[in-house]
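Numbering of ligands and ligand atoms starts at 1, following listing order. Residue numbers run from 1 in the order of the sequence given.
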Amino acid sequence: MKTKIAIMLQMAFVFSLASMVAINFAQERPALTPEQLDRLTIRPVSGKEGLYLLPGFDGALSGGNVAVLVTGDGVIIVDNKFSYSYGDITRQIGTVTTEPIRYVLNTHHHFDHAGSNADFMPVAQVIGHENARINIVRNGQTGAQNVTFASRTSVFLNGVEVQAHHFGRGHTNGDSVMYFPELQTVHTGDLFIWGNRLDGTTLAPFIDYANGGSAAEWTATLDGLLSLDFDTVIPGHGPILSKADIRIFRDKFDHLVSRINMLIEAGVDRDDVVTELDIGDLNWPLAPDRIQAIYDELSG
Ligand SMILES: [Zn+2]
């Protein structure tokens, strides 16, 4: 037990360090190696005509994944990384098309996904869930969306449709899934993240309680997402994946919540939940304060 606590404390330190780094990198561009820059270069999404990915693996060095759809009459993008990312995004899109960016969709308000909204506003409509806009305004971020929606909306360009769906709370209270029906592809935002950050550490789901996130509702929100018809997935961070991978993530999340619920039902108190909870099989490094925050939500 002592070793487990020591590991947890060590992870908590790494996490607080990581979030400090994330906040710093939100202000200025980090220096990246040629190998890292290569991993962050725009590429076509295999078998999906007109769809490209500007990869993102974390909230610190590389930001979220940006989906780029070239329609023949303009470009629709999903998410836009950090406050300093406008120049890099437009330069990279310029290597695959001369069409202008007409619409920017936000999966949620976080600075590594919607950070350069304000730069896109003179040239494009910026669209997000109504709660994502409320979060941007409340947090004093720039780039509050021009257009909002409650449960779903669509953008049409040159006959191509992109749908935005809000299936409920999870990572925040303003999460949207962006759906490309003709291409059978979704961009999930941070409702679904997978794999390792650019620095090699493992990603784990984050419930942003300060912005309306919910562990209790996250699984049902993923079930809404899984009701769409698609085969290809662009996660909030991580590699291109399949619908089956979202089911794996959904079941892991369900295990996490039900195990904490079982401990609550067994009378385990807040101070002991971290040592009593066994989630080694999930391979999600969750800091003690994050586990306790879930405990607070589920027991509240
Ligand atoms: Zn996020």
Side-chain angles (χ1 to χ4, degrees), residues 15-16 18-27 53-67 77-85 89 104-117 126-145 164-178 186-199 201-215 217-218 221-222 225 233-239 241 246 249 253 284-287 289-290 293-294 297:
F15 267 100
S16 54
S19 52
M20 278 159 57
V21 169
I23 288 160
N24 286 337
F25 279 141
Q27 316 302 329
L53 173 67
L54 254 162
F57 300 95
D58 50 60
L61 293 172
S62 61
N65 277 316
V66 179
I77 69 171
V78 178
D79 285 355
N80 53 50
K81 296 185 184 262
F82 300 109
S83 61
Y84 55 77
S85 298
I89 291 170
V104 174
L105 302 173
N106 293 155
T107 60
H108 61 298
H109 75 282
H110 282 156
F111 66 89
D112 54 330
H113 297 264
S116 55
N117 273 3
V126 178
I127 303 166
H129 187 262
E130 57 191 18
N131 289 339
R133 189 180 196 285
I134 289 168
N135 291 337
I136 281 184
V137 171
R138 189 187 60 253
N139 296 327
Q141 277 175 248
T142 59
Q145 293 86 348
H165 293 262
H166 174 71
F167 289 112
R169 299 196 296 153
H171 178 59
T172 69
N173 61 2
D175 301 318
S176 302
V177 171
M178 302 308 171
V186 291
H187 186 315
T188 65
D190 288 354
L191 284 169
F192 173 63
I193 59 173
W194 189 281
N196 296 331
R197 298 182 183 84
L198 212 54
D199 68 8
T201 56
T202 303
L203 291 161
F206 170 52
I207 302 114
D208 184 356
Y209 285 111
N211 290 288
S214 170
E217 296 180 23
W218 193 314
T221 299
L222 288 175
L225 157 57
V233 179
I234 298 171
H237 306 272
L241 296 161
I246 298 185
F249 179 98
F253 203 96
W284 282 341
L286 290 168
D289 62 336
R290 294 200 177 175
I294 299 172
E297 181 197 357

Of the N, O or S atoms in H110, the one nearest the Zn ion (ligand 1): ND1

Considering just N/O/S atoms, say which atom of D190 is closest to the Zn ion (ligand 1). OD2

Look only at the side chain of R169 and the backbone of G174, and say whether a donor-acceptor pair between them is shorter than 3.5 Å. no

Assert yes or no for the condition that the ring centre distance of H171 to H108 is strictly below 6.0 Å. yes

Out of curiosity, F111 CZ to F82 CZ, how far, rounded to the nearest 0.5 Å? 6.0 Å

Can you tell me if an N/O/S atom from D208 lies under 2.8 Å from the Zn ion (ligand 1)? no

Applying the side chain to side chain donor-acceptor pair (under 3.5 Å) criterion to D79, which one of N117, T107, N65 satisfies it? T107

